[in-house]
Undergrad: 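Supplied in structure tokens, the structure appears directly below.
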Amino acid sequence: MQRSDKPLTLRVFSRNKRQGKKLAVVTAYDLTSALIVSAGGADAILVGDSLGMVILGHENTLPVTMDDMVHHCRAVVRAKPRIPVIADLPYGSFHVSPEDTVRNALRLVKEAGVNAVKVEGGRHRLEVIEALLKAEIPVMGHLGLTPQSVNRLGGYRVQGRGKKAAARMVDEARLLADTGCFSLVLECVPSDLATEISQSIKIPTIGIGAGAGCDGQVLVFHDMLGLFDGLSPKFVKQYANLGEQACQSIATFVDEVRQGVFPGPEHGYETDSAESSSPKDDGSGYLAGVENGKA
Ligand code: KIV
């Protein structure tokens, strides 16, 4: 797998907004997904708390802990993706106090090495966002359907419908931009409202279920690649069906093992009486002589 050699920083967000160039963000949760997202040319990686569902099997994002986020962010950063890595602050990590929020976010920066954090919510989050910015931690905002509010919202539904709700969201978007967020996720928002917000604030909006008028788009890795069988909202475009391909590959392997077709002679080793029969560790992480085609 090739790594992108074009290093990008968070400045790509303001630069692309200025130049009218759309931003493409994809989630990743481990080394392999981070390498794939980076090699695919995305502008940034979001280590979303969606990992609670697509990786950890929870029903929603609420149980995700700081330890879960640190663990997965570390794996993503180990891929050295050369594009900015943004981490979700999970539910409960920014609800107690600004001090507690900064302490939690610092773990993501210092222990995992992420470049920024994402905070769900509007006017009620301004105080913690200010505290994060004072601690030199860049913040991405998130309005519209904020999955961490699922209990208050009574489910996952489009937000900002109706004049009052729309005006409130425009107002909150301006507040987040004025407070210093470097970008803003708009999730499940009517397209015309998302366009209005995108045109009325200086920071780029990153839409998910918010139409083409946003300054960029984000999708969940497992959803867009057809790797997750759970709830698939209308806004998800599936670019591949890797889940089905993976199942078919496993089924073929199982069949070949049972039929004695795999392994073939090309997958085994020959004895060499002159040398030790046990492979030596060459220190590279591979056992000497066991790589594909070198036996
Ligand atoms: O957790 C997540 O993956 C997200 C994106 C869907 C925006 O918040």
Side-chain angles (χ1 to χ4, degrees), residues 1-51 69-90 93-94 101-102 104-120 125 128-143 173 176-186 198 201-208 214-221:
M1 206 170 303
Q2 283 212 322
R3 296 177 190 208
S4 155
D5 34 38
K6 183 183 60 156
L8 291 179
T9 69
L10 285 175
R11 293 171 66 156
V12 68
F13 283 86
S14 54
R15 192 168 61 233
N16 279 23
K17 170 94 180 180
R18 230 177 16 253
Q19 296 174 350
K21 197 170 154 199
K22 299 274 185 186
L23 289 145
V25 180
V26 183
T27 69
Y29 313 102
D30 59 15
L31 181 117
T32 303
S33 54
L35 286 173
I36 291 170
V37 172
S38 172
D43 295 300
I45 288 173
L46 172 67
V47 187
D49 60 355
S50 48
L51 68 82
M69 292 306 298
V70 170
H71 178 76
H72 287 277
C73 287
R74 276 179 166 164
V76 165
V77 170
R78 273 183 213 123
K80 299 189 175 61
R82 295 168 71 82
I83 52 178
V85 177
I86 304 152
D88 251 326
L89 276 178
S93 69
F94 57 96
T101 305
V102 172
N104 284 321
L106 283 173
R107 283 193 65 198
L108 292 167
V109 175
K110 289 170 80 78
E111 294 176 35
V114 307
N115 306 106
V117 298
K118 177 163 79 61
V119 174
E120 290 188 10
R125 304 296 166 220
V128 297
I129 291 171
E130 273 176 1
L132 290 166
L133 295 173
K134 273 188 201 153
E136 315 294 351
I137 302 171
V139 180
M140 174 182 252
H142 185 156
L143 291 177
L176 290 172
D178 291 347
T179 301
C181 289
F182 71 88
S183 68
L184 174 63
V185 168
L186 293 176
S198 305
I201 60 176
K202 290 218 169 72
I203 58 171
T205 57
I206 308 297
I208 175 160
C214 293
D215 301 300
Q217 300 292 325
V218 57
L219 281 178
V220 168
F221 184 89

Undergrad: Which distance, rounded to the nearest 0.5 Å, do you find between the CG of Leu35 and the NZ of Lys80?
TA: 10.0 Å
Undergrad: Flag the pair Asp43 / Asn16 as yes when at least one side-chain heavy-atom distance between them is below 4.5 Å, and no otherwise.
TA: yes
Undergrad: So, taking the atom named NZ in Lys118 and the one named CZ in Phe94, what distance separates them when rounded to the nearest 0.5 Å?
TA: 8.5 Å
Undergrad: So Tyr29 and Val220, side-chain contact (heavy atoms from CB on, under 4.5 Å) or not? Walk me through it.
TA: CA-CA 10 Å; Tyr29 313 102; Val220 168; 3.4 Å; yes
Undergrad: Measure the shortest side-chain to side-chain distance between Arg11 and Phe182 over non-hydrogen atoms and say whether it is less than 4.5 angstrom.
TA: no
Undergrad: Does any non-hydrogen side-chain atom of Leu106 lie less than 4.5 Å from one of Ile137?
TA: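 Ile137 vs Leu106: side chains touch.
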Undergrad: Does the side chain of Phe221 reach to within under 4.5 Å of the side chain of Val37, using non-hydrogen atoms?
TA: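 Yes, their side chains come closer than 4.5 Å.
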Undergrad: Run the numbers on Val114 and Met69 for side-chain contact (heavy atoms from CB on, under 4.5 Å), then give the verdict.
TA: CA-CA 11 Å; Val114 307; Met69 292 306 298; over 6 Å; no
Undergrad: Walk me through whether Ile129 and Cys181 qualify under side-chain contact (heavy atoms from CB on, under 4.5 Å).
TA: CA-CA 8 Å; Ile129 291 171; Cys181 289; 4.1 Å; yes
Undergrad: Within a strict 4.5 Å, meaning less than it, do heavy atoms of the His142 and Val119 side chains meet?
TA: no
Undergrad: Do the side chain of Arg82 and the main chain of Ser38 share a donor and acceptor less than 3.5 angstrom apart?
TA: no
Undergrad: Quick one: are Pro84 and Ile45 in side-chain contact, heavy atoms under 4.5 Å?
TA: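 Not touching, per the 4.5 Å side-chain cut-off.
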Undergrad: Within this structure, what is the CG-CZ distance for the pair Leu31 and Arg74, rounded to the nearest 0.5 Å?
TA: 14.5 Å
Undergrad: Measuring from Leu176:CG to Ile203:CD1, what's the distance to the nearest 0.5 Å?
TA: 7.0 Å
Undergrad: Closest heavy-atom contact between Met140 and Ser183?
TA: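 Of all heavy-atom pairs spanning Met140 and Ser183, the closest is CE-OG, 3.2 Å.
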Undergrad: To the closest 0.5 Å, what do you measure between CZ (Arg107) and NZ (Lys110)?
TA: 12.5 Å
Undergrad: Is Asp215 reaching over with its side chain to a backbone N or O of Thr205, donor-acceptor style, under 3.5 angstrom?
TA: yes
Undergrad: Is there side-chain contact between Ile206 and Leu184, with at least one heavy-atom pair below 4.5 Å?
TA: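 Side-chain contact under 4.5 Å: no.
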Undergrad: Any heavy-atom pair between the side chains of Leu219 and Val26 that's under 4.5 Å?
TA: no
Undergrad: If I compare all heavy atoms of Pro90 with all of Asp49, which pair ends up nearest, and what's the gap?
TA: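 So the two residues come closest at CA-OD2, 4.4 Å.
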Undergrad: To check you understand the geometry: which heavy-atom pair defines the closest contact between Asn104 and Ser93, and what is its length?
TA: ND2-O, 2.9 Å
Undergrad: Are there over 12 heavy-atom neighbours, none belonging to Lys22, within less than 6.0 Å of that residue's NZ?
TA: yes
Undergrad: What verdict does the side-chain contact (heavy atoms from CB on, under 4.5 Å) test give for Leu8 and Arg15, after you've listed the backbone C-alpha separation in whole Å, the side-chain angles of each residue and the deciding distance to 0.1 Å?
TA: CA-CA 11 Å; Leu8 291 179; Arg15 192 168 61 233; 3.9 Å; yes
Undergrad: Kindly compute the distance separating CG (Leu23) from SG (Cys214), expressed to the nearest 0.5 Å.
TA: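 One gets 11.0 Å once the value is rounded to the nearest 0.5 Å.
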Undergrad: Quick one: which of Val70, Ile86, Val47 gives a side-chain contact (heavy atoms from CB on, under 4.5 Å) with Leu108?
TA: Val70
Undergrad: Provide the closest heavy-atom pair for Ala116 versus Leu10 in the form atom of the first, atom of the second, distance.
TA: CB-CD1, 3.9 Å
Undergrad: Decide whether Ser33 and Asp30 meet the rule of one side-chain donor and one side-chain acceptor closer than 3.5 Å.
TA: yes
